[in-house]
Every structure is written in C-alpha cells, then in structure tokens.
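In the text below, chain A, chain B and the rest are named by the order of the sequence lines, each starting its count at 1.
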Number of protein chains: 2
Amino acid sequence: MTVQQDIHSSGIPVLCLSCEARHRGACGALDPDHLVGLAKTSWRHKIEPGVKLIGDAEAVDSYSNVLSGVVKLTKSLSDGRQQIVGLQFAPDFLGRPFKVESPINAEAATVVSLCSFPKAAVERIMKEAPELEHRLFKQTLIELDAAREWMVTVGRRTAPEKVASFLLTIARNIDRTVDPAARSARFDLPLTRVDIADFLALRFETVSRQLTRLRADGIIRIENNRHVTVDNMSRLEQRCGG
Amino acid sequence: MTVQQDIHSSGIPVLCLSCEARHRGACGALDPDHLVGLAKTSWRHKIEPGVKLIGDAEAVDSYSNVLSGVVKLTKSLSDGRQQIVGLQFAPDFLGRPFKVESPINAEAATVVSLCSFPKAAVERIMKEAPELEHRLFKQTLIELDAAREWMVTVGRRTAPEKVASFLLTIARNIDRTVDPAARSARFDLPLTRVDIADFLALRFETVSRQLTRLRADGIIRIENNRHVTVDNMSRLEQRCGG
DNA sequence: GCCGAGGGTTGACCGAAATCAATGCTTTGG
DNA sequence: CCAAAGCATTGATTTCGGTCAACCCTCGGC
C-alpha cells in the first residue's frame, strides 16, 4: 500500500485543503493536487508517551498532523516550574510556520500517531497554494482563541472551577467526531494528575482532591484512574464558574 | 490633505505589506497598489480611555491599525471576574479575520488613535494579495506566542515575579522604536493598578504592594503614579524568576 | 471653597491552595 | 513471588495573596 492510499483509506484529514469541517473529524474532500505533492514525501509514525517532539529553541524541520493521541505544548521557567500552554488533538497540526525554531516544547502525552511532512515541501506548496496558508492561518486563530480562553481559566477560576473546566475541555476535544452538545460523555484522561496540574497552574495534590470531590458529589465516575464517565454534562458545566 | 497623504506623511506603517520590520516602527516600503485601495476608504480617529472598541459577541465591521496608545483585550466570567488576555501597541492590528464576531472585548486603555478600514475592503484585498494575509498570519503567530508566554507568567510566577515581568513587557512594547536591549528605560504605565491586576491575575492591592517593594529596593522610581524609571533593566529581569 | 469620585497606598486578618508527609495501588521486571 | 518505580490519594500544617478597611491625594464641578 502506498502512503497516499494509506492516507486516503484511513479516512483521516491529512493536511486537507478543501474541507472546512476540520473539527468534525470526517473529511470528504481531499484535494488530490496538493495532497499528492505532500503525501509522496510524508511518513507516518507512532510515538510513545513522554517523547519530545519539538524542543524549545531547537530547529524544527517538519510539520505533522496529529492522527490520534494528544500532544502537550509546554513552556518552563529556568527553575523547573512548568506550564502546559496548549493541547493538540487529532486532526490538529503541529509545526512552526516561518520560523526555524519554536518557542515551546511539544511532547507526546499519550501514544500519538503522526503524519509528518518535510518543512520545505509544506512551505513550497504553501507558496503555490494560498489555500494551504489559509487553513494554517485559521488553525492558528483557533489556537489563539483557545490560549486566551485558557488564560481566563488559569488566571481567574478557582481550583474546583479549573478542574471542572479541564474535564469539559477534554470531553469536547478528545474525540471531535462526537456531538459537543451531548448530554453525557465517556473518555480517557490523556494526562496524568501532574500534567493536569501543569495545565491548570495547580499542584497535583489539589487536582486529586478536586477530582475526589467531583466524584463524591456524583458528577463524575473514575475507573482505573483514567477512565471518566460524566452522566450529566450540564452539572459539570455549572461547576466551571460562568 | 488626503487621507493617503496623511498616512504617508505620518511615517507610521498602516497595513504595510512590504515591510518585515513592523516591530521597529519605521517603515520605508509601503506598497502603493495595496495601500491606495485601502487608504481611500480608511478613516482615522481618536479614542478616549475606557471606550469599548470591540464587544464580545458583537459584530465587527472594520479592521484597525493602532497608531498610538494601548488597547487591552479582555475576557470576563459571568460574575464579573476579568482577565486581560492581550495588549495591542502601535503598530499592531485590531480585528478578527474570517469571523463576524470576536470572542473577546477590546477597550482603549489609554488615549488611542486608530486608522480603520472597512472589513469588506480588507478582505477583498486579502483575496487578491496573498501578502496581506501573510502579514496578518505573522501577526497572529506573534500574538499566539505572546499569549502562551503570558500564560506562564499568569500560571506559574509569584506576585513579585508577575509585576516585574509586567514592567519588562511594557518597557519593551510601549515604544518599539527603542532598542529592546537598552540598559535603562523610562515610560508611562498605560494601565491603572486595577488593569495591571486584571492582566496578572492578582488583586490591585497586591500590585500596589509589589510596586512599593520594587521602589523600596531601588529597582524602579515612580512619579505621578504613572511615570516609571528603570535605571538598571537587568536588576528588573532578575526579579522575573527565569 | 467644598464635595465627591477615581485612583492609590497601607495595615490587619483570613482562607484557599501549597507544602510536607504518610500510605496505597498498579505495573514492570528480575 | 517480590522489589522498585510511578502514579494517586489523603491528612496536617503553612503561607502567599486575597479580603476588608482606613486613609491619602488629585482633579473637576458646583
């Protein structure tokens, strides 16, 4: 099977240029002209949790689509304090347009599968096809909105509100093919308690206590530390503090 | 004087398409083809502090360049808790590509002068000239980096570190024509103590106390509540916590 | 002149989350 | 099987920044 066939048969939008509905997961309109040029030089790979994908101030020579799993974007202070500044889910795009270096670290939070493209090829096609740049621009705007929304959570919500907001974010992004307005949800937490704390600017003990409280209040159930069930999403939303 | 002459004589880059050095303030290479099309329909205006420029979930029908002054971008929770999620300085760009509504509020923090363009005109030219979209994309990437950098400050720095980081950010952005590596700095704070607190996710009393401490330690001087002098920038940097 | 509003500073006290510490539960590997 | 490591929970105590309150200064209006 060629790489291109592989991509087509997977049904996953890989650098899909013609599809507006990137958040629905399903993608019916791959543009063969652009895709072929990239697919020929693309490669897919599987990454284990904890593996670094992009290092702060290191050269980045490829762009990737997240096909499955979750990638965490982090920044650190020199004394080790860490902040997760973003999470990338399928089918998000990973890479730094117009710059050799990235100001952030990217690390696989779960097992991640990627479809990567040489940076030079992507940028060549971006010049020829404004639609590609347009799509990347739109993703960047979505990431900017998400970053600012998250700043409100990190800065102005209390610990209970932070944890509830986090669960809601995961429920809505871990599998974007499911209806974001669904009344209930089941999902695996893609992050450890330590990671959740680094995302929310809390300590892991605080995260643990707040999860315990949500469990005691009957809002969530947790099995095997990772598998979460939310029967009534609106009760969870009420805990997010508006 | 026509608007176009006005813009040219002002020396300020207004939707400048050909100039890479937007952070230097000076701009020698306005592209007449693109600029003229916009300048004909542009208008300049002066905004008083506190005036709302973009309301959350309101339609936005224009794009603007900040010519002078500072615009604060805010998000609020329903109970009134507020977070400043970004500051726009000259010659930043204000507006929401590809969307009618903006998920944030924008408000003049100081007296602000703007050069505005009808949304439709900008988007028409963006279609004809990929360079315009390219420039807006680059600004968005810079804003995304800034937002993520700020998330680290809001989430992981202590109150003293936050206030020091804030002063550094202002010193480096309030007038981008000055050397960012300068050993000393003098500038007017564009925000009240309340605004600074909303930016740093602190209370205004805490901001006040930390400023007092920096003053007592001889790192800054403050006159008239607003005018700040930093004799030794590296001493301020040491207080930012790495 | 007086008053009131807006912005700023400082002090006393309080509380939410951090810190320190003990313990349990899985998973992996010898 | 047991040991060790990684992850998670829970309790006791501390602390940083929040809260409440008093007071100052400046400016603009009557």
Side-chain angles (χ1 to χ4, degrees), chain A residues 48-50 72 77 79-83 107 109-111 153-167 188-217 220-228 239 241, chain B residues 48-51 72 77 79-83 107 109-110 153-167 188-217 220-228 239 241:
Chain A
E48 292 300 312
K72 53 181 182 177
L77 299 179
D79 65 359
R81 281 175 284 177
Q82 192 172 80
Q83 179 68 43
E107 187 183 317
T110 63
V111 172
T153 299
V154 167
R156 288 304 184 190
R157 285 193 227 259
T158 64
E161 291 167 353
K162 284 181 180 184
V163 173
S165 300
F166 169 76
L167 292 174
D188 279 338
L189 288 176
L191 303 181
T192 65
R193 303 295 188 266
V194 170
D195 282 339
I196 297 172
D198 280 346
F199 195 27
L200 296 170
L202 296 171
R203 295 288 140 172
F204 70 92
E205 297 97 323
T206 305
V207 172
S208 181
R209 279 183 242 274
Q210 296 307 330
L211 287 173
T212 300
R213 217 175 89 162
L214 287 171
R215 215 173 341 147
D217 294 350
I220 60 171
R221 274 173 290 144
I222 304 182
E223 291 151 66
N224 297 329
N225 282 341
R226 288 290 187 118
H227 192 75
V228 176
R239 300 248 171 162
Chain B
E48 292 300 313
V51 173
K72 53 181 181 176
L77 299 180
D79 65 359
R81 281 176 283 177
Q82 191 172 81
Q83 178 68 43
E107 187 183 317
T110 64
T153 299
V154 167
R156 288 305 186 190
R157 287 195 226 256
T158 64
E161 290 167 353
K162 283 181 181 185
V163 173
S165 302
F166 170 76
L167 292 175
D188 279 338
L189 288 176
L191 303 182
T192 65
R193 305 294 187 265
V194 171
D195 282 340
I196 298 172
D198 279 345
F199 195 27
L200 296 170
L202 295 171
R203 294 289 140 171
F204 70 94
E205 298 96 326
T206 305
V207 172
S208 180
R209 279 185 243 272
Q210 297 307 329
L211 287 173
T212 300
R213 216 173 88 157
L214 287 171
R215 213 168 348 139
D217 293 352
I220 60 172
R221 274 174 291 144
I222 305 182
E223 290 151 66
N224 298 330
N225 282 341
R226 289 292 187 117
H227 192 76
V228 176
R239 300 248 171 163

Pairing residues for B/R226 by the side chain to side chain donor-acceptor pair (under 3.5 Å) criterion, not counting sequence neighbours: none
Any A/R209 side-chain nitrogen or oxygen under 4.0 Å from OP1 or OP2 of D/dG11: no
Short side-chain N/O contact from A/R193 to OP1 or OP2 of D/dC7, under 4.0 Å: no
Residue-phosphate contact under 4.0 Å: B/T158 side-chain N/O, D/dC16 OP1/OP2: no
Approximate separation, where rounding is to 0.5 Å, of A/T192 OG1 and A/N225 CG: 10.5 Å
salt_bridge(A/D198, A/K72) N-O dist < 4.0 Å: no
Non-hydrogen atoms of B/R81 and A/R156 that approach each other most closely: NH1-O, 2.9 Å
Sugar-phosphate, base or nothing in reach of A/R213, heavy atoms under 4.0 Å: nothing
Residue mapping more 5' on DNA chain C - nearest nucleotide basis, B/N225 or A/N224: B/N225
Main-chain N/O of A/F204 paired with A/S208 side-chain donor or acceptor, under 3.5 Å: no
Donor-acceptor pair, side chain of B/Q83 and main chain of B/F199, under 3.5 angstrom: yes
First-last contacting nucleotides on DNA chain C - partner chain A, under 4.0 angstrom, heavy atom: C/dA17 to C/dC20
Approximate separation, where rounding is to 0.5 Å, of A/I196 CD1 and A/K162 NZ: 13.5 Å
Distance in angstrom units between B/R226 CZ and D/dT26 P, rounded: 16 Å
Residues in contact with DNA chain C, drawn from residues 195-207 of chain B - heavy-atom cutoff 4.0 Å: B/F204, B/E205
Residues, nucleotides or ligands: over 12 heavy atoms within 6.0 Å of A/N224 CG: no
Full working for side chain to side chain contact (heavy atoms under 4.5 Å, CB included) between B/D188 and B/T110: CA-CA 10 Å; B/D188 279 338; B/T110 64; over 6 Å; no
Separation of atom CD in B/Q210 from atom C1' in D/dC16, rounded to whole Å: 10 Å
Atom-pair distance (CG on A/L191; P on D/dA8), nearest Å: 10 Å
Contact nearer the 5' end of DNA chain D, comparing A/T212 with B/A159: A/T212
